[in-house]
Amino acid sequence: MISLDLAIIWAGIIGFGVIMYVIMDGFDLGLGILFPFAPDDESRDVMMNSVAPVWDGNETWLVLGGAGLLGAFPLVYSVFLPALYIGVFLMLAGLIFRGISFEFRFKSKKNRHWWNRAFCGGSAVAAFAQGAVVGAYIQGFAVEDFVYVGGALDWLTPFTVLTGLGLMAGYALLGATWLILKSEGYIQQWAYRITPKLLVAVLVVFGIVSLWTPLVSPEVRDRWLNQIHLIWVFPILAMVCAYALYRAVKRQEEGLPFVASLGLFIFTYLGLIASKWPVIVPPNYTIWDASSAPESQLFLLIGVLFVIPIVLAYTAWTYWVFRGKVRVGEGYH
């Protein structure tokens with residue numbers, strides 16, 4: 001019984017870490033995707049300054065989720081790494097380029113345009129790779145006896161390209177609504193103008209993926225149509241958030257657009273989990289199949305229960321300290 005309980009607890013911890021990373025690192029990746037379309041270089045300064053104090057702390061959740069996954073479900077790595085090696089490499093390379101550009105762009109004068117490109121390119125590549133990995137998880141892997149038997153590029157299909165582009169649009173939406181919250185004047189007005197267009201792009205991809213998923217994953221089709229009808233509450237709540245976002249932008253509200261975009265992501269994420277639960281390695285390996293020894297999970301759990309409150313506390317403190325608007329000519333660098 002302890003093994004069953006610990007597997008569920010660890011699945012919850014890792015799931016929490018993943019969604020925290022997505023919503024917290026998503027908006028600064030989204031700002032990078034929007035970088036080339038910003039009105040001018042001063043607005044790019046504001047975009048970067050708005051996330052400069054928090055972007056590296058946001059990635060703590062990626063480390064926590066990855067380390068927890070290795071410790072609690074090590075057999076997942078025997079499938080995911082061979083199957084997604086190129087995609088994960090692209091994601092990490094994009095994050096590295098994005099991180100370097102933060103440090104060098106403010107110091108460089110002559111070559112600032114190159115660091116603009118690094119920030120945009122790194123953000124776009126990282127976001128696309130994350131979306132493609134999600135698509136690969138939905139469509140499943142070629143697995144025999146918990147060994148990946150497919151090719152190095154099996155993860156790259158038309159479906160995963162669509163999910164990659166969709167996550168780029170979603171992150172850009174998060175970035176635009178974050179900019180509404182953190183900026184003012186003509187920069188904020190630009191963010192107001194592009195947000196409805198990004199919302200339409202996200203909803204179009206959401207609709208196509210929803211229609212395509214039953215074709216690439218019979219298990220998901222059966223779950224949605226024949227098994228758990230309560231699952232439909234998640235896309236309904238996601239659409240409510242989308243409508244609230246649209247109305248808030250029309251009324252030129254500042255905080256609600258960002259909150260609604262977070263809700264859109266959270267409910268879509270919960271719908272994905274409900275579609276696959278308790279499978280952790282598609283098509284049919286569950287969290288209990290992939291679990292490490294109960295003693296190992298319990299040992300790691302004790303440490304994580306101390307770490308997570310600390311991470312939440314310093315994250316909340318950082319956002320509180322750097323609350324408020326970021327103005328042209330001001331910043332934290």
Side-chain angles (χ1 to χ4, degrees), residues 15-34 46-47 49-55 57-62 123 127 130-131 134 166-185 187-206 233-274 308 311-327:
F16 176 72
V18 169
I19 190 58
M20 287 295 290
Y21 169 76
V22 167
I23 63 178
M24 298 186 72
D25 204 35
F27 62 80
D28 58 59
L29 288 172
L31 289 178
I33 294 169
L34 295 174
V46 170
M47 293 166 74
N49 281 324
S50 72
V51 294
V54 298
W55 73 271
N58 293 343
E59 294 188 349
T60 302
W61 296 103
L62 179 63
S123 300
Q130 290 174 19
V134 172
L167 193 61
M168 289 177 64
Y171 280 171
L173 177 64
L174 276 177
T177 55
W178 170 260
L179 196 59
I180 289 173
L181 179 66
K182 298 294 288 185
S183 66
E184 59 185 12
I187 302 173
Q188 186 185 59
Q189 291 303 313
W190 173 73
Y192 275 126
R193 289 194 301 272
I194 64 172
T195 296
K197 299 175 184 177
L198 292 169
L199 178 60
V200 170
V202 170
L203 293 179
V204 168
V205 174
F206 182 85
V233 70
F234 296 119
I236 292 172
L237 290 174
M239 291 300 100
V240 170
C241 289
Y243 178 72
L245 172 56
Y246 174 77
R247 289 294 301 272
V249 169
K250 288 298 182 183
R251 293 195 297 264
Q252 300 257 309
E253 297 186 35
E254 294 189 340
L256 185 56
F258 184 63
V259 174
S261 64
L262 292 180
L264 181 59
F265 264 81
I266 290 170
F267 289 122
T268 302
Y269 177 72
L270 291 175
L272 173 61
I273 292 177
I308 289 181
V311 174
L312 288 172
Y314 79 65
T315 299
W317 175 250
T318 301
Y319 278 87
W320 174 255
V321 169
F322 293 101
R323 67 192 183 278
K325 298 289 186 180
V326 179
R327 296 176 174 86

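Below, each value reflects all heavy atoms present in this structure, side chains not excepted, and no hydrogens, waters or symmetry copies.
Residues passing the ring pair (Phe, Tyr, Trp, His ring centres under 6.0 Å) test with Y243, sequence neighbours excluded: none. Among residues two or more places apart in sequence or in another chain, the ring pair (Phe, Tyr, Trp, His ring centres under 6.0 Å) test is passed with W190 by none. For P235, the side chain to side chain contact (heavy atoms under 4.5 Å, CB included) test picks out F206, W224, W232, with sequence neighbours left out. Not counting sequence neighbours, the partners of I273 by the side chain to side chain contact (heavy atoms under 4.5 Å, CB included) test are Y269. V311 pairs by the side chain to side chain contact (heavy atoms under 4.5 Å, CB included) definition with T60, W61, V307, Y314, T315, not counting sequence neighbours. For the side chain to side chain contact (heavy atoms under 4.5 Å, CB included) test, residues two or more places apart in sequence or in another chain that qualify with V204 are V200, I208.
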Run the numbers on L179 and L34 for side-chain contact (heavy atoms from CB on, under 4.5 Å), then give the verdict. CA-CA 11 Å; L179 196 59; L34 295 174; 5.9 Å; no

(request) Take Y319 and M24 through the test side-chain contact (heavy atoms from CB on, under 4.5 Å) and record every step on the way to the result. (result) CA-CA 11 Å; Y319 278 87; M24 298 186 72; 3.5 Å; yes

Go through the steps to decide whether L312 and M20 satisfy the test side-chain contact (heavy atoms from CB on, under 4.5 Å), and finish with yes or no.
CA-CA 10 Å; L312 288 172; M20 287 295 290; 4.2 Å; yes

Would L237 and L270 count as a side-chain contact (heavy atoms from CB on, under 4.5 Å) if you check the C-alpha gap in whole Å, the side-chain angles of each, and the deciding distance to 0.1 Å?
CA-CA 11 Å; L237 290 174; L270 291 175; over 6 Å; no

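When every heavy atom of A274 is checked against every heavy atom of F234, the shortest pair comes out as CB-CE1, 3.9 Å. Summarising the geometry of W178 relative to S50, their closest heavy-atom pair is NE1-OG, 3.2 Å, with the distance given to 0.1 Å. In plain terms, the two heavy atoms of G255 and L181 that are nearest each other are CA-CD1, 3.9 Å. The shortest heavy-atom contact between G175 and L31 is O-CD2, 3.3 Å. Taking both residues in full, the closest heavy atoms of G166 and V205 are given as CA-CG1, 3.5 Å, listed atom of the first, atom of the second, then distance. The two residues V46 and S183 have their closest heavy-atom pair at CG1-CB, 4.2 Å.
Note on residues 258-271: no pairs pass salt bridge (Lys or Arg N to Asp or Glu O under 4.0 Å), not counting sequence neighbours. Pairs of residues two or more places apart, or lying in two chains, that qualify as salt bridge (Lys or Arg N to Asp or Glu O under 4.0 Å) and include a residue from residues 18-34 are D25-R98, D28-R98. The side-chain hydrogen bond (donor to acceptor under 3.5 Å, both in side chains) contacts involving residues 193-203 comprise nothing, where partners must be two or more places apart or lie in separate chains. Here salt bridge (Lys or Arg N to Asp or Glu O under 4.0 Å) pairs that include residues 235-251, with residues two or more places apart or in two chains, are R251-E253. Annotation: side-chain hydrogen bond (donor to acceptor under 3.5 Å, both in side chains) contacts involving residues 254-263, sequence neighbours excluded, comprise T177-S261, Q188-E254, E254-K325.
The line from NZ of K182 to CZ of F27 is 9.0 Å long, rounded to the nearest 0.5 Å. For the atom pair CD1 (I23) and OH (Y171), the distance works out to 10.5 Å, reported to the nearest 0.5 Å. For the atom pair CD1 of I194 and CD of Q189, the computed distance is 12.0 Å after rounding to the nearest 0.5 Å. For the atom pair CG of L199 and OH of Y246, the computed distance is 9.5 Å after rounding to the nearest 0.5 Å. Here CG of L203 is found 6.5 Å from CG of L264. Values are rounded to the nearest 0.5 Å. One distance of note links OH of Y21 with CZ of F16; it measures 16.0 Å at 0.5 Å rounding.
Between F258 and I180 the shortest side-chain heavy-atom distance does not fall below 4.5 Å.
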